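Before any comments, here is the structure.
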Amino acid sequence: MRTEVVATAAEINTIDLKLKGFKAYPVDTSVNPVPTYARRDFYKVALLTGHSILHYADKSIELSGTCLFFANPHIPYSTELLSASQTGYACLFTEEFIKATDRSESLQHSPLFQIGSTPVFRLSDEQAVYIAGIFDKILTEQSADYHFKNDLIHTYIQLLIHEALRMQPTGTFFQHKNASSRITSLFLELLERLFPIESPQQALPLKSAQDFADRLAIHVNHLNRSVKEVTGKPTTSHIADRIIGEAKALLHHTNWDVAEIGQSLGFEYSSYFNNFFKKHTGSTPLSFRKAV
């Protein structure tokens, strides 16, 4: 029995993922060795055929036959292979890639990616053939020269999401509830409810780990330990990542000036916002806006 993550060398090419916002690849564990699990910052949809146990957040799910699996970047997971190999497809993408053409609701609010949701769907033979066809189209477009291929791949990913929403999720779980997972779920949901920012007059009410701990009525050290244990990232990193994500969206999709955006995100002075943005992205807000 081996504990492994279903992935290939393509999955760990994070530089390519950051440049394009997505990465699709075929899965075959009999051909490609798989790396030890490490937390990553992207969503994942995988079509997998084989026999395994998926350890996801505070639960374990037995997978047999062909399944469609949705992974949330906030939740660590690993796969314990029970069969000789596992085959299929996988597609990785950032939330920024999905929201590139609109400011739709965060993927974390989707029933497929929401904290505490059921991320696995068992497929019939007919469903498996249809879903595999969508992945084939994604792979084809990924290597194509079509100018609008990102838009087309975005559509195919949305199709995978909507096909899954039609299905009833699997109910075979081995529950391992614990306080850390509950606290982390509450924190992430509270963080998401702060967004999107709809007007320059809207001020972000919670900005620090202490603010969130106070709202959740727990000690900040307890919050930090729980979030780090479940997600592998500090509380402050989650807050910073979400603020940066919203800042990019506002810079891209609104005509607010940089000072207004900074103030709406809780920065009293423009210089504080500029320094924060540059620290996390490598560019100033104004440079980012001119580049998009």
Side-chain angles (χ1 to χ4, degrees), residues 1-14 17 22-40 42-93 111-113 116-140 142 156-157 159-161 163-178 181 230-232:
M1 183 180 297
R2 299 170 292 151
T3 300
E4 300 177 297
V5 175
V6 178
T8 68
E11 180 169 354
I12 59 177
N13 189 350
T14 55
L17 178 67
F22 74 93
K23 186 75 174 182
Y25 55 88
V27 171
D28 187 342
T29 59
S30 66
V31 175
N32 295 291
V34 293
T36 303
Y37 173 77
R39 210 202 70 79
R40 299 183 177 91
F42 47 73
Y43 292 84
K44 177 178 181 179
V45 182
L47 178 69
L48 304 172
T49 299
H51 187 200
S52 62
I53 295 178
L54 176 70
H55 302 291
Y56 181 84
D58 59 347
K59 59 177 75 74
S60 296
I61 312 167
E62 185 172 0
L63 309 181
S64 59
T66 301
C67 299
L68 189 61
F69 166 56
F70 293 81
N72 185 321
H74 301 294
I75 302 297
Y77 67 92
S78 64
T79 303
E80 181 181 333
L81 297 179
L82 302 179
S83 54
S85 66
Q86 195 161 42
T87 59
Y89 304 85
C91 183
L92 314 175
F93 51 92
L112 303 179
F113 294 108
S117 66
T118 303
V120 175
F121 299 79
R122 290 194 176 91
L123 307 182
S124 66
D125 291 343
E126 182 180 356
Q127 289 172 327
V129 169
Y130 179 69
I131 296 298
I134 298 175
F135 275 102
D136 280 331
K137 292 179 185 296
I138 290 175
L139 287 172
T140 298
Q142 180 174 245
Y156 287 139
I157 293 174
L159 183 56
L160 289 173
I161 291 172
E163 286 298 320
L165 289 173
R166 293 181 176 183
M167 306 175 196
Q168 288 297 320
T170 184
T172 306
F173 292 93
F174 309 98
Q175 295 290 345
H176 303 295
K177 295 289 186 182
N178 59 66
S181 65
V230 173
T231 71

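Computed from a prediction, not measured in an experiment: that's the story for all the values here.
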Practice task
Any chance you could lay out the side chain to side chain contact (heavy atoms under 4.5 Å, CB included) test for Ile134 and Leu47, step after step, and finish with the verdict?
Solution key: CA-CA 10 Å; Ile134 298 175; Leu47 178 69; over 6 Å; no
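- Scanning both residues, Thr29 and Ser85, for their nearest heavy atoms gives OG1-CA, 3.3 Å.
- Scanning both residues, Ile138 and Ala24, for their nearest heavy atoms gives CG2-CB, 3.6 Å.
- Glu163 has its side chain out of reach of Phe121: every pair of non-hydrogen atoms, C-beta onward, lies at least 4.5 Å apart.
- From Ile157, atom CD1 reaches atom CZ of Phe135 across 8.5 Å, with rounding to the nearest 0.5 Å.
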Exercise for the section: Step by step, work out the side chain to side chain donor-acceptor pair (under 3.5 Å) result for Ser52 and Gln86. Expected result: CA-CA 8 Å; Ser52 62; Gln86 195 161 42; 3.2 Å; yes
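- In this structure, OH on Tyr43 lies 13.5 Å from CG on Leu92, to the nearest 0.5 angstrom.
- Under a 3.5 Å cut-off, the side chain of Thr49 and the backbone N or O of Gly88 do not form any donor-acceptor pair.
- Counting heavy atoms from C-beta on, the side chains of Phe93 and Val45 come closer than 4.5 Å.
- Separating the CD atom in Gln142 from the SG atom in Cys91 is a distance of 7.5 Å, to the nearest 0.5 Å.
- Interatomic distance, Glu80 CD to Leu54 CG, rounded to the nearest 0.5 Å: 10.5 Å.
- For the pair Phe70 and Leu160, the tightest heavy-atom approach, listed with the atom from each and the gap, is CZ-O, 3.9 Å.
- Taking 4.5 Å as the limit, every side-chain heavy atom of Gln127 sits out of range of all side-chain heavy atoms of Arg122.
- In terms of heavy atoms, Thr66 sits closest to Ala128 at CG2-CB, 3.8 Å.
- Rounding to the nearest 0.5 Å places OG of Ser64 at 12.0 Å from CG of Leu48.
- Rounding to the nearest 0.5 Å gives a distance of 7.5 Å between CZ of Phe69 and CD1 of Ile61.
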